[in-house]
Chemist: 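Here you go, one structure.
Along the sequence shown, residues are numbered consecutively beginning with 1. The model shown is predicted, which means the values in this text are computed figures rather than measured ones.
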Amino acid sequence: MKVVVVGGGLAGLSAAYSVRSQVPDAEVVVLEASNRAGGLLRTEHVDGFVIERGAESIITSKPAALELAMELGLEPRVIRTRKENRGAYVVRSGELHRIPQGFSVVAPGAPWALARSPILSPAGKARAALDFALPRGKDAPDESLGRFVRRRFGRELLERLAQPMAAGIYGARPDRLSLAATMPRFLELERENRSVTLGLMRRADTKASAGARYGMFINFDGGSEVLIDALVERLGKRIQRNRSVTGVRRTGRGWVVETSEGGEGADAVILAVSAWRVADLIDVGDDLASELRAIEYGSAATVTFAWRESELSRPLDASGFVVPAVESRLVLAATWSSAKWPGRAPEGMALIRVFLGGNGRDEVVGFDDDELSRIARRGLRDLMRIRATPSLQRVDRYVRVMPRYEPRHLDRATRIESFLDALPGLAFAGGFLRGVGVPDTIRSGARAASKIAADLT
């Protein structure tokens, strides 16, 4: 019994690892087109810096990642964000202001903190307070995140707080995001409490402290690639690098995976690549391919810099900042990595990572390194008054890698899964169906393995 996993990123590695657990007798092969496994989880170590070149935070409210780390024996290497620097800033009129205590991604959980904040105007604060009196919304097929926030809290709170915080996660305009697919807990809060703010106030995690949500994030002492290294060690020679896949087709007895080195027969196949890549590979009908191609993907870029702390004009006393789209900047956000995580920079040095693009500005990935660096440095000069020349710089591009869950996405995901139900021995893993974060990606691999296990028994 042979299972071929196409794609050696986190989804593919976690799927292969789960197949080994659920189908112990199966021969598992992972085909990775590049010369390294791990995909977007990549960490560089240089001159005492730990530089994330991809995803850098793992949320623990979804337990799959932490559970996998413990199973792999990585618990001693887990680190959490620095308590003293939790919280973040948001830009208003070119200045950094603390995000109010208790603000939970798109909604206020501590109205007194919002009332004291200079981020919203008096009229904006009054409109946001109407959430206490507004009735529950009428059931809609799938409300966008933007419409939900405008309905409950008003346009100003959406533009100044909810939009930049949501963009920091999904990199998309809130009116193009499905609330049910991205942040269903706010729908639940409205249904259960009528007032979203009251619902948040009743939840213990919003009462704990100003940095309650930020304390839910973990990483590893050597960076996110620690998790990849552990999976690679467990899978060993099952991972075949530099094996580019050109197609997947069904045969009478199973599947054939076409590669640059010929066909690879399999009883089952897990495709752990982007939705548009899956659509290009499979030969099982136009309807499924059309649904996959309809899933939108976004692009972005990052530039990471290092300075001496003495060259900074302000302390790094938070995890970083986000920039509202109404500020009309290409800088989307910045993570103050050395302040957010312990051990990310040598003593006396600061590591800052700037995110560019998002919100429909995908064209940034076409800019050359010098232009991206200029944009990022100009943003930090304007917002943080950093004028010194950095001692280190890294530029990364992420081209069509971020799935964007548009309204009715869950309906599309259900249709895709129904197609798969009629295709025994085929499963998908990755962030394009039901969750884009590290825990969701790991969970998608486990789900794919469960489908294959059921299909083969």
Chemist: Distance under 6.0 Å and angle within 45° of the ring axis: does R77 meet both against F220?
Modeler: no

Chemist: Please report the closest heavy-atom contact between S444 and A11, naming both atoms and the distance.
Modeler: OG-CB, 4.3 Å

Chemist: Could you go through the side chain to side chain contact (heavy atoms under 4.5 Å, CB included) check for V106 and M183 one step at a time?
Modeler: CA-CA 9 Å; V106 299; M183 300 181 189; 3.8 Å; yes

Chemist: Are the side chains of L200 and F103 in contact, using a 4.5 Å heavy-atom criterion?
Modeler: no

Chemist: Whether the D142 and Y405 side chains hold a donor-acceptor pair (N or O, under 3.5 Å, no angle test) is what I'd like checked.
Modeler: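 No donor-acceptor contact under 3.5 Å links the two side chains.
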
Chemist: Given L332 and V322, is the side chain to side chain contact (heavy atoms under 4.5 Å, CB included) satisfied, shown in steps?
Modeler: CA-CA 6 Å; L332 177 69; V322 293; over 6 Å; no

Chemist: Would you check if P141 and R408 make a side-chain contact, meaning some heavy-atom pair closer than 4.5 Å?
Modeler: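 Counting from C-beta outward, P141 and R408 do come under 4.5 Å.
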
Chemist: Rounded to the nearest 0.5 Å, how far does OG of S338 lie from CG of L351?
Modeler: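 Here the interatomic distance stands at 5.5 Å.
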
Chemist: Could you verify whether a donor N or O on one side chain and an acceptor N or O on the other, from Y89 and S319, lie under 3.5 Å apart?
Modeler: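 Side-chain D/A pair, Y89 to S319: absent.
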
Chemist: Do R86 and T81 pair up side chain to side chain, a donor and an acceptor below 3.5 Å, judged on atom types alone?
Modeler: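 Result is yes, a qualifying pair exists.
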
Chemist: If you round to the nearest 0.5 Å, how far is CH2 of W255 from CG of D283?
Modeler: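 So the CG of D283 and the CH2 of W255 are separated by 9.5 Å.
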
Chemist: Hey, are R147 and D175 close enough for a salt bridge, meaning a charged N less than 4.0 Å from a carboxylate O?
Modeler: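 Judged by the 4.0 Å cut-off on N to carboxylate O distance, R147 and D175 do not form a salt bridge.
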
Chemist: Strictly below 4.0 Å, N to O, side chains only: are D421 and K451 in salt-bridge contact?
Modeler: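 Answer for the salt bridge query: no.
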
Chemist: So, E32 side chain and G8 main chain: donor-acceptor pair closer than 3.5 Å or not?
Modeler: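 Yes; judged by distance alone, with no hydrogens or angles, the pair exists.
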
Chemist: Does atom CD (E75) have a neighbourhood of more than 12 heavy atoms from anything else shown, all under 6.0 Å?
Modeler: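 No, CD of E75 has 12 or fewer neighbouring heavy atoms, counting only those of other groups under 6.0 Å.
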
Chemist: Can you confirm whether R394 sits close enough to R353 that some side-chain heavy atom of one is under 4.5 Å from a side-chain heavy atom of the other?
Modeler: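 The answer is no, as the side chains (C-beta and beyond) never meet within the 4.5 Å cut-off.
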
Chemist: Indicate yes or no: at least one non-hydrogen side-chain atom of I442 is less than 4.5 angstrom from one of L227.
Modeler: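 Side chain of I442 against side chain of L227, heavy atoms only: contact under 4.5 Å found.
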
Chemist: Which residue is it: L380, D396, I375, V395? I am looking for the one with a side-chain contact (heavy atoms from CB on, under 4.5 Å) to V303.
Modeler: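 Exactly one option meets the side-chain contact (heavy atoms from CB on, under 4.5 Å) with V303, and it is V395.
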
Chemist: What's the verdict on side chain to side chain contact (heavy atoms under 4.5 Å, CB included) for R434 and T414, showing C-alpha distance, side-chain angles and the deciding distance?
Modeler: CA-CA 10 Å; R434 298 187 182 274; T414 299; 3.2 Å; yes

Chemist: Does a side-chain heavy-atom distance below 4.5 Å link H409 with E296?
Modeler: no

Chemist: Side chains of R241 and I239: closer than 4.5 Å at any heavy-atom pair?
Modeler: yes

Chemist: Under 3.5 Å, is there a donor on one side chain and an acceptor on the other for S104 and R185?
Modeler: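 Note: S104 and R185 side chains meet the donor-acceptor criterion.
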
Chemist: Think R400 forms a cation-pi with W276, using NZ or CZ under 6.0 Å from the six-ring centre and within 45 degrees of its axis?
Modeler: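 Yes, a cation-pi geometry.
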
Chemist: Is it true that R361 and E363 make a salt bridge, defined as a side-chain N closer than 4.0 Å to a carboxylate O?
Modeler: yes

Chemist: Is R404 salt-bridged to D362, cutoff N-O under 4.0 Å?
Modeler: yes

Chemist: With a 4.0 Å cut-off, would you call R443 and D440 a salt bridge?
Modeler: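 Judged by the 4.0 Å cut-off on N to carboxylate O distance, R443 and D440 do form a salt bridge.
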
Chemist: For the CZ atom on R176, are there more than 12 heavy atoms of other groups (residues, nucleotides or ligands in this structure) within a distance under 6.0 Å?
Modeler: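 No - once you tally the heavy atoms of other residues, nucleotides and ligands closer than 6.0 Å, there are 12 at most.
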
Chemist: So does N242 have more than 12 non-hydrogen atoms from other groups sitting under 6.0 Å from CG?
Modeler: yes

Chemist: When you check the side-chain N and O atoms of E261 and T259, is any donor under 3.5 Å from an acceptor?
Modeler: no

Chemist: Is it true that E225 and R36 have a side-chain N and a carboxylate O under 4.0 angstrom from each other?
Modeler: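 R36 and E225: salt-bridged.
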
Chemist: CG/L10 to OH/Y17 distance, rounded to the nearest 0.5 angstrom?
Modeler: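 Reported to 0.5 Å precision, the distance equals 13.0 Å.
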
Chemist: Taking the side chain as everything from C-beta on, heavy atoms only, tell me whether T60 gets closer than 4.5 Å to F217.
Modeler: no

Chemist: Quick check: does any side chain N or O of Y170 sit under 3.5 Å from a backbone N or O of T182, one acting as donor and the other as acceptor?
Modeler: yes

Chemist: Write down the atom of A318, the atom of A88, and the distance for their closest heavy-atom approach.
Modeler: CB-CA, 4.0 Å

Chemist: With side chain to side chain contact (heavy atoms under 4.5 Å, CB included) as the criterion, how do I51 and V46 come out once you've worked through the C-alpha distance, each side chain's angles and the decisive distance to 0.1 Å?
Modeler: CA-CA 8 Å; I51 305 169; V46 57; 3.6 Å; yes

Chemist: In the structure I gave you, are the side-chain heavy atoms of R415 and D287 within less than 4.5 Å of one another anywhere?
Modeler: no

Chemist: Would you give the length of the straight line joining atom CZ of R151 to atom CD of E190, rounded to the nearest 0.5 angstrom?
Modeler: 4.0 Å

Chemist: Quick one: closest heavy-atom pair of A301 and V365, and the distance?
Modeler: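 Shortest heavy-atom contact: N-CG1, 4.5 Å.
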
Chemist: Please report the shortest heavy-atom distance between P108 and L157, naming the atom on each side.
Modeler: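 Looking at all heavy atoms of both residues, the closest pair is CD-CD1, 4.1 Å.
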
Chemist: Return yes if some donor-acceptor pair links the side-chain N/O of S274 with the main-chain N/O of R277 below 3.5 Å, else return no.
Modeler: no

Chemist: Quick one: closest heavy-atom pair of V232 and A37, and the distance?
Modeler: CG2-CB, 4.0 Å

Chemist: CD1 of I58 to CZ of R80: how many Å apart, nearest 0.5 Å?
Modeler: 11.0 Å

Chemist: What is the distance from atom CZ of R152 to atom CG of L158, rounded to the nearest 0.5 Å?
Modeler: 14.5 Å

Chemist: Main chain of L198, side chain of N193: is a donor-acceptor contact present, judged purely on distance under 3.5 Å?
Modeler: no

Chemist: Please check if atom CZ in R173 has more than 12 non-hydrogen atoms from other residues, nucleotides or ligands closer than 6.0 Å.
Modeler: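 Incorrect, the count does not exceed 12.
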
Chemist: Could you check whether E52 and S224, counting side-chain N and O atoms only, form a donor-acceptor pair closer than 3.5 Å?
Modeler: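 Checked: S224/E52 side chains pair up, N/O donor to acceptor below 3.5 Å.
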
Chemist: Is a salt bridge present between E406 and R412, judged by a nitrogen-to-oxygen distance below 4.0 Å?
Modeler: no

Chemist: Step by step, work out the side-chain hydrogen bond (donor to acceptor under 3.5 Å, both in side chains) result for S450 and Q22.
Modeler: CA-CA 7 Å; S450 295; Q22 298 183 42; 3.0 Å; yes

Chemist: For R20 and R234, which heavy atoms make the closest approach, and how far apart are they?
Modeler: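 So the minimum-distance heavy-atom pair works out to NH1-O, 3.3 Å.
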
Chemist: Give a yes or no answer on whether the side chain of N85 reaches the backbone of K340 with a donor-acceptor pair at less than 3.5 Å.
Modeler: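 Side chain of N85 to backbone of K340: no pair is present.
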
Chemist: Do the rings of W336 and F321 sit parallel, tilted or perpendicular, given the 30° and 60° boundaries?
Modeler: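 Perpendicular.
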
